[in-house]
Protein chains: 2
Amino acid sequence: MSSEPRVGSASELPLRDQAPLPRLGYLLKQAHLRFVERAAAALAPLGIGPREWAALVCFDDEHGLSQAQVAQRLGIDRTTMVALVDEMQTKGLVTRQPDSADRRKNHVKLTPHGRQTLKRGATIADETESDFLNVLSQEDSERLKAALNVVLQAVDED
Amino acid sequence: MSSEPRVGSASELPLRDQAPLPRLGYLLKQAHLRFVERAAAALAPLGIGPREWAALVCFDDEHGLSQAQVAQRLGIDRTTMVALVDEMQTKGLVTRQPDSADRRKNHVKLTPHGRQTLKRGATIADETESDFLNVLSQEDSERLKAALNVVLQAVDED
DNA sequence: TATTGTTATACTCTATAACTATA
DNA sequence: TATAGTTATAGAGTATAACAATA
C-alpha cells in the first residue's frame, strides 16, 4: 500500500514529524510480531523456533549456566524452561547432566547436532536481522539496537 | 546488577560498540515484554489492559471503522476481535450498532465512559512511555520511534 | 529454610474452521 | 460468491502452586 515517496535516509527521520508517530507500545509490539514471524519462517528448515535458538545461544554462551539462569535471561519462568529443554533434548540438541558441585542443578550441554544448529542458526538470524532492517542505514540500525539496549539495561536495574 | 558507569548520553551509543549488542529479536522481545507489563500496571486502575486501550484509540480514531479493520490495524485476527469488543461492551466502554449502509458491519462507538477512559489512558500511556525511555534524550527517543516506524512501514509493504 | 528442577494445572492470547446474515 | 461478524475449538506460550531432592 503506497506509492508515497519513501524516506530516503533514516538519519533524517527525527528531524520533522510530519505525521505523529504511533505510540511506543504499538511500535514495539508490531516490530516484535513481524520479526518473530520472519525469524520463525527462516529457522523452520533447522527444525527449531526462535525461542529454541535463543536458548541454544544462552546454553552455549557460558558453560554451567543452570536452567533457571537461562530462563531468567530469556525472560521466561523456570517452569516454562523445563518443557523447552525437554523438547530440545528430544530433538537431540542438548543433554542434561546433573551438576557435580550442586546436584540440584542441571548442566545443559549442546550436542554436536546442537552446536551445528547453533552455527547455522546464527547465519540465518543475521540474515533475518539485516533483511528486517534493510531500510535503515548501517548507522541507524546500530543506533536502534543501542538505544533499545540502553533502555533495557536501565529497566533491569529498576 | 551493576555499578558499571552508565552511558551518559544516548547520542554516543552507536559510536563505539565495546560489548557486542544482543540480537535484534532479543531486544525487541524484552523491550516489548517490559513495556507491556508496565503499561498493564499503569492502566490497571482504569480497569482496562493495553489491548483494550489500543482498541479504544482505534475505534475513536476514525468513526465507522469496522471490527475487522481495527483488528487488522492491531495485528490480531477478526475472530480475536470479537471477544475483545465483547469485553469492552461488558465494561460499558463501547456499543455495537449495525451499520445502516451495510448491515453485516458493526459500528463500534465509544460511550461517555469509553471516551473518559480513553482520555485518562492517554495520559497514562504518555507517562509510561516517557518513563520507559527516560534514559534516552528527547531526540534519541524520537529517533528510536521513527526508526521503528520506518521499518514497520517497509515491512508492511512486503 | 532456601533453591533447582519438576509436575499439574490454568490462564491469556492467538488462530482455524465452520456457521449466519447479509451483500 | 464473497464478506462481517460470530461461535466452537484448539494451540502456543505463559505463570502459580505444590512436591522432591538437595543445599
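Everything quoted here is computed from the prediction, not taken from an experiment. Chain naming here is simple, since letters A, B, ... match the order of the sequence lines and numbering starts at 1 in each.
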With a 3.5 Å cut-off and no angle check, do the side chains of Thr90(B) and Glu87(B) form a donor-acceptor pair?
-> no
For Gln69(B) and dA4(D), what is the distance between atoms CD and P respectively, to the nearest whole Å?
-> 8 Å
Between Lys29(A) and dC13(C), is there a side-chain N or O to OP1/OP2 distance below 4.0 Å?
-> no
Calculate the interatomic distance between His107(A) atom NE2 and dG5(C) atom P; express it in whole Å.
-> 11 Å
Could you check whether the rings of His32(A) and His32(B) sit parallel, tilted or perpendicular, using 30° and 60° as the cut-offs?
-> tilted
d(Leu28(A) CG, Glu129(B) CD) to nearest 0.5 Å is 8.5 Å
To the nearest Å, how far apart are Leu84(A) CG and dA15(D) C1'?
-> 15 Å
The contact string for nucleotides 15-23 of chain C, one letter per nucleotide 5' to 3', using protein heavy atoms under 4.0 Å with B, S and - for base, sugar-phosphate only and none, comes out as BBB---BBS
For Leu65(A) and dT3(C), what is the distance between atoms CG and P respectively, to the nearest whole Å?
-> 18 Å
Using a distance-only test with no angle check, is there a side-chain donor-acceptor pair under 3.5 angstrom linking Thr80(A) and Asp77(A)?
-> no
Rounding to a whole Å, what distance do you find between Lys105(B):NZ and dA2(D):P?
-> 17 Å
Name the closest nucleotide to the Gln67(B) side chain, picking from dT4(C), dG5(D), dT7(D).
-> dG5(D)
Indicate whether any N or O donor in one side chain lies under 3.5 Å from an N or O acceptor in the other, for Thr123(B) and Asp126(B).
-> no
Which sits closer to the 5' end of DNA chain C, Glu87(B) or Asp86(A), going by the nucleotide each is nearest to?
-> Asp86(A)
Integer-rounded Å distance: dA12(D) P and Leu33(A) CG = 17 Å
How about Gln67(A) and Arg96(A): does a side-chain donor come under 3.5 Å of a side-chain acceptor?
-> yes
